[in-house]
Trainee: 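Can you read through this structure? Questions will come right after.
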Amino acid sequence: MQNIKELVTEDLAVFINPDEFGEIHNIDGKDITVVIDADTLKEKSINGASAYATHSGIMLSEFILYVKCEDMDEKPWIGQRMVLDGADYLVTDVAENAGIFQITLGANIG
């Protein structure tokens, strides 16, 4: 019988799998399989604002990046600059849960 840790590890393999939800993206010069979710922030924006306010005429474009902790060199931190597929973003939030980093990336547009 498998323990909970083994079951979670199997679930992560499915979630991040390129044949399922995962896609290969370049993060800070390293190709990593990730899941990008822009829909979750539509719900979040109803309930609360980002830690980084925008000025009149400038919008903050945000999305969530899910990546296995073991695939990152270190845990990202709020305020860190991150380059995703050649574009600059700012880490506006980060959480770690069950071996996955949930990283919110934002960029000012407009």
Trainee: Determine which pairs satisfy salt bridge (charged side-chain N to carboxylate O under 4.0 Å, His left out) with at least one residue from residues 21-30, sequence neighbours left out, and list them in order.
Mentor: Lys30-Asp73
Trainee: Taking all heavy atoms of Glu74 and all of Phe101, pick out the closest pair and write down the distance.
Mentor: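 Taking every non-hydrogen atom into account, O-CE1, 4.3 Å.
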Trainee: Sequence neighbours left out, what passes salt bridge (charged side-chain N to carboxylate O under 4.0 Å, His left out) with Asp85? Give chain and number order.
Mentor: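 Partners of Asp85 by the salt bridge (charged side-chain N to carboxylate O under 4.0 Å, His left out) criterion come out as none, since no residue qualifies.
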Trainee: I'd like to check Gln102 versus Asn97 (side-chain heavy atoms, cut-off strictly below 4.5 Å). Are they in contact?
Mentor: no
Trainee: Does some side-chain heavy atom of Ile27 sit less than 4.5 Å from a side-chain heavy atom of Leu65?
Mentor: yes
Trainee: Looking at CD1 of Ile24 and CD1 of Ile32, how far apart are the two atoms once the value is rounded to the nearest 0.5 Å?
Mentor: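 It comes to 9.0 Å.
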Trainee: Do Glu62 and Leu105 have side-chain heavy atoms sitting under 4.5 Å apart?
Mentor: no
Trainee: Between Thr104 and Val94, is any pair of side-chain heavy atoms under 4.5 Å apart?
Mentor: no
Trainee: Once side chain to side chain donor-acceptor pair (under 3.5 Å) is applied, do any residues pair with Glu96, and if so which ones, sequence neighbours excluded?
Mentor: none
Trainee: Rounded to the nearest 0.5 Å, how far apart are OG1 of Thr92 and CD of Gln80?
Mentor: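 Thr92 atom OG1 to Gln80 atom CD measures 12.0 Å (nearest 0.5 Å).
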Trainee: Quick one: which residue pairs count as a ring-ring contact (aromatic ring centres under 6.0 Å, His included) with a foot in residues 68-88, not counting sequence neighbours?
Mentor: none
Trainee: Evaluate Val67 against Ile103 for side-chain contact (heavy atoms from CB on, under 4.5 Å), listing each step before the verdict.
Mentor: CA-CA 8 Å; Val67 59; Ile103 307 164; 3.7 Å; yes
Trainee: Side chains of Leu90 and Met82: closer than 4.5 Å at any heavy-atom pair?
Mentor: no
Trainee: Any heavy-atom pair between the side chains of Val34 and Tyr66 that's under 4.5 Å?
Mentor: no
Trainee: Report the residues that fulfil ring pair (Phe, Tyr, Trp, His ring centres under 6.0 Å) with Tyr89, sequence neighbours left out, ordered by chain and then residue number.
Mentor: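 For Tyr89 the ring pair (Phe, Tyr, Trp, His ring centres under 6.0 Å) partners, ignoring immediate neighbours, are Phe63.
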Trainee: Rounded to the nearest 0.5 Å, what separates atom CG in Asp31 from atom NE2 in His25?
Mentor: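 It comes to 10.5 Å.
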